[in-house]
Amino acid sequence: MTAAAAGALRRLARVTDRVPPRDRADLPPRWEPSEVEGPRYERWVAAGYFTADADSGRPPFCVVIPPPNVTGSLHIGHALEHTLIDAVTRRRRMQGYDVLWLPGMDHAGIATQNEVEKQLRLDGKSRHDLGRELFVDKVWNWKRESGGAIFGQMRRLGDGVDWSRERFTLDEGLSRAVQTMFTRLYDDELIYRAERIINWCPRCETALSDIEVDHREEEGELVSLRYDLAPAHGSRGDGEGSVVVATTRVETMLGDTGVAVHPDDERYAHLVGREVELPIVGRRIPVVADEAVDPEFGTGAVKVTPAHDPTDFEIGQRHALPAPSILDEVAVVTGTGTRFDGMDRFVARTAVREELRAQGRVVAERRPYLHSVGHCFRCDTVVEPRLSLQWFVRVAPLARAAGDAVRDGRTRIHPPELAKRYFDWVDNMHDWCISRQLWWGHRIPVWYSPEGEMRCLGPGERPPPGWEQDPDVLDTWFSSGLWPISTLGWPESTVDLARYYPTSLLVTGYDILFFWVARMMLFGLYAMDGRPPFETVALHGLVRDELGRKMSKSRGNTVDPLEWMDRYGADALRFTLARGANPGADQAISEAWVEGARNFCTKLWNAARFALANGAQVSDALPPRERLSDADRWILDRIDAVAAESDALLEDFQIGKATEGLYHFTWDEFCDWYLELAKVQLASASAAEPTRAVLGHVLDVVLRLLHPVAPFITDVLWTTLTGRESVVVAPWPVGGAAPSGQDPDGGAAERIAGVRKLVTEVRRFRADQGLAPGQRVAARLSGVDGSGLAAHEAAVRALARLADAGAGFAPTATLQIGVGGRTVLVELDTSGSIDVPAERARLGKDLATTEKELVGCESKLANPRFAERAPADVVAMIRDRRDAALADIERIRARLAALPT
RNA sequence: GGGCGCGUAGCUCAGCGGGAGAGCGCCCGCCUUACAAGCGGGAGGUCGCAGGUUCGAACCCUGCCGCGCCCACCA
């Protein structure tokens, strides 16, 4: 039988005959999150803990949720974001704020429309087969049936949102906000309609804004073409000379209406004003001089396709060139009068190139040629620049205000490094194309008369008979830009708007700073008379896979937070994400991390079970100082310090560090040392009672501190410990007096450090000597009196498993351990000879490190400049360290010398 | 082409002027009456490279190398 199997058998035996003591609190031996979390959440909701109360008289604290798409389900990024928001708002609630965390969803124009169109396609239909009205009905139906799956998942995570204030961007009230905003901007001439080159997705058949286009380096081809000079009018024969232009999209040459060179480019000066003949098409097009051309680049001559390139469009405008479109809305060549009409753009690209090659027009080809290509952020189709009539927001005046609000500190961006990115964007923002050729969304509130007259109508205004509404809808970011004000009731003067605006905090990913945050700043400042929508914007990073790679469906390295919650519980997932959250920085995650967090929950659970089983209790006041042991005082000091630290970190959104600190306190100090020391105290009649009080107190505070991050387990344990209603509404244990109400006791801390050192040293020796942990070793301690550890001998013996030195005590080894400036002697009877080589090896290693330490200190102290310039406390510290090293070396040598040979 | 950030233990990351840290992984030992989802002990790092500032540099400055991200109308 293997040792493991034997252990398992013994374990089984023990478990079977273990009878739960009478006084053990009624906690199951194991934390089973799946059974407890759901009901616990519903209890919180039913109790109204998450419902904001404007009349409460408490200070308001408001966060609006970054609205997930109605099509979405909870992914790991949401889980992170929600954990952070929930942690912050739970702490605020405990601090006594009237907290409003407002939930809702975004109608997500393209994404949702795509989803429903995909279903139609299964039936072989398109949205056009249904017509606009029926299609939109169908989307609403879809929303009712399948939308908002994420809300249920948010409940599982434990999100403390106010469900009574749930919003959807297409709700009546929010739609009114959109229409009002549009009308105001229109009246202020901040919205206009114009024919411009916009980004067009030929699959979604709609315009996109600049930021909805993903640029990626891709392999394409660069083809250089020779355009020959056309014969001057009235003359005969071929022209004299030619010009070479290059393009990555050869098919666009069908729409060329000019060639441009730089005005100062002498190479081409003689051509300016002449015409070249466009191959295939046969059109004569002028050579113009324009500053936009870089004479250093390529040949210094550019083909001009005004309808399919933004720069070309501007050149065309300046030189009154025509702008014929050669691609329709699905990117099929059209209207060129060539045989390429009807071809898809990519087919045409090859066909045109081959035709030109056949005509001897291709003077050079580079393939593959790496260049940047834009893709639709929704469907990844290659975007086509296209000339079309669209609506735009004139952003310059709005953007200036949005920049200023951050510059003058009305809104704080956290971490501050990211503010620069915000400025870069806000200060260089192009006008924003807000019209989309979709059916799902807020329809543009502009009507046209049959005569072409145009009128923008606000909510409640009716168009004259016979007028038609603009068919386009608004960019989905238009309504999400209004989110912080529309959800609170704007444009009405609601109680909520007055109370909760500006919102206290926005927590969102840095990747959405431009898409969303900047837009909310623009609109919020405009609509609310220069009051920005947030006091603070806290940006978090992306969740990556365990190797730090970006997660993507195509890479197949995405993770499912729901599965992890099933397996390990919501608290474990939240704890993992919180622990890895450093402001503005990405974090890597894997199942092993979540498992570790689950283990922490188990640890906490067992510690609480132990404490409760031993009568831990929370009372109004701790026992008087003189009844407390060093261990009690030490742990009380520590919990005070940890509470203060973690509170300060949370205040600064350093959630990862706060969580890390609590993890280590709970595990390394409270469980590993205090609980072990408490066992000794509980065995003593006089110390047991104060110990129970300290255990109860520390547990109480730890649970409250951990609650924002791990709400479920802490609530179960805390209610069991205190008998109170819920930790959700318990007071935050920081602020005002220190939690324990005690002054720090440095002496106690020092003595406990001494105990830990003694115990660790003995354990080290035991491990090296191969003594089983269960084996008691007879020992005699001396020198403890002067070290201040006299009162702790029992504890040291218990933790280091040392038995009394009875009759016939024959020490085989002597450990000399420096504690508090004294040397404690531990003589051990290992019942047999000791492993001298092992002991010698270890002492040798200790000696080497200590000597190195000594040399470091000595050389510093020997440096006259050090004494001169270093601060006194540093000098003192180095001196102490040197003295300690000297003493250690002496001890180690003595022990080496004492070893039998 | 601009801007930002990062290179610290095998992996993921803290630390950001005075003793190189954590989690996971690894090695050894162990049921030790809260916890084997655990306990005890341990190994492992010229803190990317090169200069500089400083009594002292993983930490500040400069340069270089290697990664990553954001922005930009390189035809």
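To find a chain, count down the sequence lines: A is the first, B the second, and so on, and within it residues start at 1.
- Distances shown here put every side-chain N or O of A/N606 at or beyond 4.0 Å from the OP1 or OP2 atom of B/rA37.
- Within the 4.0 angstrom heavy-atom criterion, no nucleotide atom of any strand lies near A/E32.
- B/rG23 atom P lies 13 Å from atom CZ of A/F600, rounded to whole Å.
- Backbone-only engagement by A/K845 is indicated by non-hydrogen atom pairs under 4.0 Å involving sugar-phosphate atoms exclusively.
- For the P atoms, the distance linking B/rG48 with B/rC13 amounts to 15 Å, nearest Å.
- Within the 4.0 angstrom heavy-atom criterion, base atoms lie near A/P871.
- Nucleotides B/rA58 and B/rG19 have their C1' atoms positioned 14 Å apart, rounded to a whole Å.
- The phosphate of B/rU33 (OP1 or OP2) has no side-chain N or O of A/K679 nearer than 4.0 angstrom.
- For A/F610, the listed nucleotide lying nearest its side chain is B/rA34; candidates were B/rC24, B/rG41, B/rA34.
- Base contact: A/R881 has a heavy atom under 4.0 Å from a base atom.
- Here the side chain of A/R763 is nearest to one of B/rA14, B/rG40, B/rG23, namely B/rG40.
- No contact: A/E868 has no heavy atom under 4.0 Å from any strand.
- Residue-to-nucleotide contacts include a donor-acceptor pair under 3.5 Å from the side chain of A/K603 to the base of B/rC35.
- In terms of phosphate contacts, A/W667 brings a side-chain nitrogen or oxygen within less than 4.0 Å of OP1 or OP2 of B/rC39.
- Cation-pi geometry between A/R196 and A/F313 is not met: the NZ or CZ atom fails to fall both under 6.0 Å from the ring centre and inside 45° of the normal.
- One N or O on the side chain of A/D835 and one on the backbone of A/A838 form a donor-acceptor pair closer than 3.5 Å.
- Here A/Q587 lies out of heavy-atom contact (under 4.0 Å) with every strand.
- Under a cutoff of 6.0 Å and an axis angle of 45°, A/K679 and A/F610 form a cation-pi pair.
- Among the heavy atoms of the strands lying under 4.0 Å from A/R764 are primed sugar atoms or P, OP1, OP2 only; no base atom is included.
- Summarising the geometry, the separation between CZ on A/R579 and C1' on B/rG21 is reported as 13 Å, rounded to the nearest angstrom.
- A/C601 comes within contact range of no nucleotide atom at all, as no heavy-atom separation falls under 4.0 Å.
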Legend entry - nucleotides 69-75 of chain B: protein proximity per nucleotide (B base, S sugar-phosphate only, - neither; heavy atom, under 4.0 Å): SSS-BBB
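- With rounding to whole Å, A/F423 atom CZ is found 18 Å from B/rG3 atom P.
- Looking at heavy-atom distances under 4.0 Å, A/N428 makes no contact with the nucleic acid at all.
- Closest contact between the side chain of A/D672 and the listed nucleotides B/rG18, B/rG23, B/rC39 involves B/rC39.
- A/L418 comes within contact range of no nucleotide atom at all, as no heavy-atom separation falls under 4.0 Å.
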